[in-house]
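Heads up, the thing below is written out as structure tokens.
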Amino acid sequence: MSELAAGAATPALAPNGFRDTWCGQVLADRVDSRARVAGWVHRRRDHGGLIFIDLRDRTGIVQLVFNPDSSGASFELAHRLRAEDVLSAAGSVVRRAPETVNPELPTGAVELLVGEAELLADSETPPFQIEGYAGEASEDLRLRYRYLDLRREGMREGLALRHRVTAAIREFLDGEGFVDVETPILTRSTPEGARDFLVPSRTQQGSFYALPQSPQLFKQLLMVSGLERYYQIARCFRDEATRADRQPEFTQLDLEMSFVGADDVIAVNERLLAHVFERAGGPQVELPMERMGYEEAMARFGTDRPDLRFGLELVDLGDALRETEFKVFNSVLAGGGTIRGLNAGRREMPRSELDGLISRAQELGAKGLVWAFREGAGWRSPTAKFLSAEELAELNRRLGAEEGDLLLLVADKPAVSNAVLGQMRLDLAQRFDLIDPDDHRLVWIVDWPLFDWNEEERRWDAVHHPFTSPAGAFDPDDPGAARALAYDVVWNGQELGGGSVRIHDPEVQRAVFRVLGIDDETAEARFGFLLEALRFGAPPHGGIAYGIDRIVQRLSGAETIRDVIAFPKTASGFDPLTGAPAPVDEAQLKELGVAVHKPNLAGH
Ligand code: ASP
């Protein structure tokens, strides 16, 4: 275990009747001294006359040897010990015979010759082996017995790393004068774009608290209070459709500052990230970090979360095909769509895999996908025959295609071609192993649009949230042109955090609400307290929030955020350990004045 991965330091041990030494500290320098250790039976081996027990605590594993001559009554006990029993054992530390030294274990050069031992607790046979066989236990089973799952070294390291991250955050922000303030969990809806979890009020029947989707409004109120610099490691709740690797409750680092513009917030946060990465064994962060405008990110990578560690950039090809006779392209362009493409480089791909790419593009929402290999001046592609020699030459030129390069094109609405090619670019990077695992790219995405047209609902949505300040003059009659003072920080293609400078003028806030279809009356009813506070001298302010679960997951290399959360829920929001969510007593419902129309009898 590396020192960094170990997380919290090994605390000094005050000797007591249970132990005087950590298992992981029974090292060669203790030879010829006595030690008492306590922990869990990790493994037990019966070697003829001798019994070997690997005893495990948080710091590591030490080998205990029970010998019929020197261990006395404990030898009988050793016979009965089973995996995960809890034991305290004392004896003398001796050097192992050279052929039994275990180089894999830090304590592998020595062992504890047990003189006396006491069984502190019995364990039933665990439902899965603690070490080494995690892959065989289903995640449901691991979550059902999470306290056993957390006995595994990898899981412990994940929590320790998480601790290092939050400790580094607190250390840095404390040094910068940020004040840690708790905000309510029982509150009103905060619009972050998800569904609320509701809690019925017993005393005001028919009324509900909402669990916060974020502390957004409270942190703004704290700026009106004159707190100047606030942070909180806050639990947030979003009842979202279960998307891959999300949790209904998750942890944010939330912060807010007064008398700042976007550059000020970004500057502090760059130093914060550099500090946290340094403390948590992450990549070195070069300051100042790179910045990229939203439009550029979309144009070059098809996403606002670009992974900059490899090329395969998107190219707009519409202009080269304005006059094309090819109906498919033609009608897309006539309908206001785009034709975009990327050059995947010189590749070999069998027809079956190319067909797979087409299905993948369709799965991602495109009607189709054009593939081609540059061959001579033109293409080898089923589509080649529909395009003129000039068009092919121009497409090759724009895509920088050389002999044998694989080209992929999507003709569709801009949002679709971006989403499809943006994802295929990532798929191809995986397929062709284009990412150097030691390369790290952090980038701020800036200069966002303020609103986004929601075609389905035929209304404007806030790209960040309704409290984000417009950049420069704001014309409510032309929402599509409005830019936002917003910024997201992206690490290797994953958003780590995002925030903005806020609106601090109640009139601008009302105007933004109106664009979002929130009329003055509704605004008053839902956010009257914020609008009112903004009338009592609100300083210019801005902030950001980070997903801590995601940051720790990325730093630890874990596959899912569930591996760095002590007690997570399954992908469907169920907790196999406690059985939550669970039905409640009729009497409890009655007390709350709540009637359930269609109880979900399946439970989950
Ligand atoms: N409240 C925002 C969020 O939770 C972050 C911010 O604007 O500070 O995403």
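We count ligands from 1, going down the list as the structure has it; atoms in each ligand are counted the same way. Note: hydrogens, waters and symmetry copies are ignored here, and every other heavy atom, side chains too, is used. Since the structure is predicted, the reported quantities are computational estimates derived from the model, not experimental observations.
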Fill in: Nitrogen or oxygen atoms of Gln216 and ligand 1 under 3.5 Å apart
yes

Worksheet item: Val490 versus Leu496: any side-chain heavy-atom pair under 4.5 Å?
Response: no

Worksheet item: Is it the side chain (CB and beyond), the backbone, both or neither of Ala545 that lies under 4.0 Å from ligand 1, heavy atoms counted?
Response: both

Fill in: Derivation and outcome, side-chain contact (heavy atoms from CB on, under 4.5 Å), residues Leu426 and Arg431
CA-CA 9 Å; Leu426 300 177; Arg431 164 73 176 76; over 6 Å; no

Worksheet item: Would you call Lys219 a ligand 1 contact, heavy-atom distance under 4.0 Å?
Response: yes

Item to complete: Could you tell me whether some N/O pair between Gln213 and ligand 1 is separated by less than 3.5 angstrom?
Response: no

Practice prompt. Rounded to the nearest 0.5 Å, what's the gap from CG on Leu308 to CD on Glu313? Could you check?
Written response: 8.5 Å

Fill in: ligand 1 versus Glu495: contacting region, heavy-atom distance under 4.0 Å
neither

Worksheet entry | Atom indices of ligand 1 within 4.0 angstrom of Gln252 heavy atoms, with elements | 3 (C), 4 (O), 9 (O)

Fill in: Subset of ligand 1 atoms that lie under 4.0 Å from at least one heavy atom of Ser214
1 (N), 4 (O)

Practice prompt. Please identify which atoms of ligand 1 are closer than 4.0 Å to at least one heavy atom of Ile544.
Written response: 8 (O)

Worksheet item: Does Arg502 reach ligand 1, in the sense of a heavy atom lying below 4.0 Å from it?
Response: yes

Worksheet entry | Audit row: Tyr487, Asn269, side-chain hydrogen bond (donor to acceptor under 3.5 Å, both in side chains) steps and yes/no | CA-CA 11 Å; Tyr487 31 79; Asn269 279 277; over 6 Å; no

Fill in: Stacked cation flag Arg425 on Phe310, 6.0 angstrom / 45 deg
yes

Discussion item. Just to check, does Gln220 reach to within less than 4.0 Å of ligand 1 when the distance is taken from its heavy atoms?
Written reply: no

Worksheet item: Got Phe467 and Pro191 here, is their nearest side-chain heavy-atom distance under 4.5 Å?
Response: yes

Discussion item. Under the criterion side-chain contact (heavy atoms from CB on, under 4.5 Å), I'd like the reasoning laid out for Asn492 against Arg554: C-alpha separation, chi angles, the key distance, then a yes or no.
Written reply: CA-CA 10 Å; Asn492 297 346; Arg554 297 299 305 259; 3.7 Å; yes

Worksheet item: Under a heavy-atom criterion of less than 4.0 Å, does His464 contact ligand 1?
Response: no

Practice prompt. Output the list of atoms in ligand 1 that are nearer than 4.0 Å to some heavy atom of Gly498, sorted by atom number.
Written response: 5 (C), 6 (C), 8 (O)

Worksheet item: Does an N or O anywhere in His465 fall below 3.5 Å from an N or O of ligand 1?
Response: yes

Worksheet item: Once the angle between the rings of Phe513 and Phe527 is folded into 0 to 90°, is it parallel (under 30°), tilted (30 to 60°) or perpendicular (over 60°)?
Response: parallel

Worksheet item: Rounded to the nearest 0.5 Å, how far apart are CG of Asp149 and CZ of Arg142?
Response: 4.0 Å

Discussion item. Taking 4.0 angstrom as the limit and counting only heavy atoms of Gly499, give me the atoms of ligand 1 inside it, by number and element.
Written reply: 6 (C), 7 (O)

Item to complete: Could you see which bit of Glu192 sits under 4.0 Å from ligand 1, with heavy atoms only: side chain, backbone, both or neither?
Response: side chain

Practice prompt. Classify the ring geometry between Trp448 and His464 as parallel (under 30°), tilted (30 to 60°) or perpendicular (over 60°).
Written response: perpendicular

